[in-house]
Protein chains: 2
Amino acid sequence: MIRMKHPEHLSAVGPHPVRSTRPEFLGAPAPRFNGSSRELNKFFKALSDETRRNILRLLEQSEFTVGEIVGNFHLSQPTISRHLSVLKEARLVVDQRQGQHVVYRLSNDTLARSVSQFFRDFEQCQQILR
Amino acid sequence: MIRMKHPEHLSAVGPHPVRSTRPEFLGAPAPRFNGSSRELNKFFKALSDETRRNILRLLEQSEFTVGEIVGNFHLSQPTISRHLSVLKEARLVVDQRQGQHVVYRLSNDTLARSVSQFFRDFEQCQQILR
DNA sequence: TGAACCCCTGACCTAGCGGTTATGAGCCGC
DNA sequence: GCGGCTCATAACCGCTAGGTCAGGGGTTCA
């Protein structure tokens with residue numbers, strides 16, 4: 001335990017006494033959400049790039065083809081295609097082939113659910129958000 | 001404009017007709033949030049790592065010193081220190097030196113505000129979240 | 001039927017990320 | 001004053017990410 005001049009400043013909760021094997025985090029397992037923290041990894045990874053956030057913002061207005069999405073950026077078509085792939089992997093967008101075009105639309109449900117699930121662990125934040 | 005067998009399947013909104021210089025995204029500027037999309041970059045980058053999400057979950061319970069946080073993971077102290085630095089950069093945690101110890105606590109306000117701000121652009125998601 | 005279009009993926013490049021060990025600055029107790 | 005503790009950072013390593021060009025599969029249309 002920590003010994004300090006003013007130990008009352010610290011929490012009463014100490015660290016785990018004994019380290020065991022994996023995983024890295026020793027706390028309670030992640031709350032249920034599509035079965036794993038892997039989904040949250042994909043979700044936040046998808047949103048960690050500004051281009052992908054902007055693609056989502058664009059798709060909030062309407063569904064678009066790849067070419068139309070490309071037309072809103074100064075990036076090459078393969079670049080946008082890559083970003084769409086990451087968003088698809090995170091289930092934030094849904095694609096639908098129409099002839100030689102592929103139309104993408106936002107998956108509002110997943111977007112909302114992912115954030116909602118993440119905040120289940122943050123009671124105080126939920127209160128602030130209300 | 002796209003010519004297809006069933007063009008009514010696509011949105012009426014076409015891409016920007018003329019590309020100009022930077023930035024990559026040609027749409028409306030990001031909504032106000034601490035002045036820039038740079039903050040959202042830091043925010044989502046911070047959350048894109050599972051260890052950092054778990055640190056935040058831990059801090060939801062109580063404030064902790066670096067050593068106490070380390071005690072809850074199978075990672076080295078410098079690794080945790082790095083993660084805390086990323087979280088601090090995103091203003092998701094606040095640190096306070098107490099002697100040789102540094103105590104970290106969650107910044108619920110920033111956590112809630114960042115997400116709230118991001119969802120300003122997603123009307124449908126806000127409705128789902130309610 | 002073949003040329004053009006749309007879009008995805010491989011390969012490559014550069015930069016960044018997440019882990020480690022080593023180390024040093026600052027604090028604390030004796 | 002010194003040894004030990006706490007914690008941040010440098011350096012290194014392996015891997016991932018985001019951009020490009022090149023190319024190919026599938027679709028469309030004259």
Side-chain angles (χ1 to χ4, degrees), chain A residues 1-7 9-10 14-15 22-25 37-38 41-42 44-55 63-90 93 95-104, chain B residues 1-7 9-10 14-15 22-25 38 41-42 44-55 63-90 93-104:
Chain A
M1 199 38 154
I2 298 167
R3 296 169 184 275
M4 307 172 55
K5 276 183 175 177
H6 306 289
H9 287 168
L10 287 174
R22 304 310 214 93
E24 280 76 20
F25 184 47
S37 176
R38 203 183 336 134
N41 276 345
K42 292 176 181 176
F44 284 115
K45 170 192 171 184
L47 291 178
S48 68
D49 183 82
E50 186 174 356
T51 299
R52 291 197 288 274
R53 292 199 300 272
N54 283 333
I55 291 175
E63 64 180 23
F64 287 106
T65 67
V66 178
E68 291 172 327
I69 296 172
V70 169
N72 287 270
F73 291 85
H74 288 292
L75 297 165
S76 67
Q77 182 269 319
T79 299
I80 296 297
S81 189
R82 290 252 215 252
H83 284 304
L84 287 167
S85 184
V86 174
L87 291 171
K88 207 165 89 178
E89 180 76 5
V93 299
D95 63 340
Q96 184 178 9
R97 180 167 286 273
Q98 292 176 3
Q100 62 187 2
H101 295 272
V102 179
V103 177
Y104 282 86
Chain B
M1 197 40 155
I2 299 166
R3 297 170 184 275
M4 305 173 56
K5 279 184 176 178
H6 305 291
H9 288 169
L10 287 174
R22 303 309 214 95
E24 279 76 20
F25 184 48
R38 203 183 336 135
N41 276 346
K42 293 176 180 176
F44 284 115
K45 169 191 171 184
L47 292 178
S48 68
D49 183 81
E50 185 173 357
T51 298
R52 289 197 288 275
R53 293 199 300 274
N54 283 333
I55 291 175
E63 62 181 24
F64 288 105
T65 66
V66 176
E68 290 172 328
I69 296 172
V70 169
N72 287 270
F73 291 85
H74 288 292
L75 297 166
S76 67
Q77 179 269 320
T79 299
I80 297 297
S81 187
R82 289 278 188 69
H83 283 305
L84 287 167
S85 183
V86 175
L87 290 172
K88 206 165 90 179
E89 180 75 6
V93 299
V94 176
D95 62 341
Q96 183 178 9
R97 182 166 284 275
Q98 292 175 4
Q100 60 188 1
H101 295 273
V102 180
V103 177
Y104 283 87

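Convention: sequence-line order gives letters A, B, ...; per-chain numbering from 1.
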Could you tell me how far apart [X] ([atom1]) and [N] ([atom2]) are, to the nearest whole angstrom?
X: Glu89(A); N: dG18(D); atom1: CD; atom2: P; result: 13 Å
X: Phe64(B); N: dC7(D); atom1: CZ; atom2: C1'; result: 18 Å
X: Phe73(B); N: dC7(D); atom1: CZ; atom2: C1'; result: 16 Å
X: Asn41(A); N: dG18(C); atom1: CG; atom2: C1'; result: 13 Å
X: Ile80(A); N: dG19(D); atom1: CD1; atom2: P; result: 8 Å
X: Phe44(A); N: dT16(D); atom1: CZ; atom2: C1'; result: 20 Å
X: Gln96(A); N: dG26(D); atom1: CD; atom2: P; result: 19 Å
X: Gln98(A); N: dC7(C); atom1: CD; atom2: P; result: 11 Å

Measure the shortest side-chain to side-chain distance between [X] and [Y] over non-hydrogen atoms and say whether it is less than 4.5 angstrom.
X: Phe73(B); Y: Thr79(B); answer: no
X: Val86(B); Y: Arg82(B); answer: no
X: Ile55(B); Y: Phe64(B); answer: no
X: Leu84(A); Y: Asp95(A); answer: no

To the side chain of [X], which of [options] is closest?
X: Ser81(A); options: dC5(D), dT9(C), dC5(C); value: dT9(C)
X: Gln100(B); options: dG19(C), dT6(D), dA17(D); value: dT6(D)
X: Leu75(A); options: dC17(C), dG19(D), dA17(D); value: dG19(D)

Using OP1 and OP2 only, check whether a side-chain N or O of [X] sits under 4.0 Å from [N].
X: Thr79(B); N: dG19(C); answer: no
X: Ser76(B); N: dT20(C); answer: yes
X: His101(B); N: dC7(D); answer: yes
X: Tyr104(B); N: dT6(D); answer: no
X: His83(A); N: dG19(D); answer: yes

Inset, instruction - By nearest nucleotide on DNA chain C, pick out whichever of Ser48(B) and Pro78(B) is the more 5' one. - result: Ser48(B)
Legend entry - Arg82(A) vs Arg97(B), nearer the 5' end of DNA chain D by closest nucleotide: Arg97(B)
Inset, instruction - Map Lys88(B) and Arg52(A) onto DNA chain D by nearest heavy atom, then report which one ends up closer to the 5' terminus. - result: Lys88(B)
Legend entry - Base dC6(C) paired with Gln77(A) side chain (donor-acceptor, <3.5 Å): no
Inset, instruction - Please answer whether the main-chain N or O of Glu68(A) pairs with a side-chain N or O of Asn72(A) as donor and acceptor at a distance below 3.5 Å. - result: yes
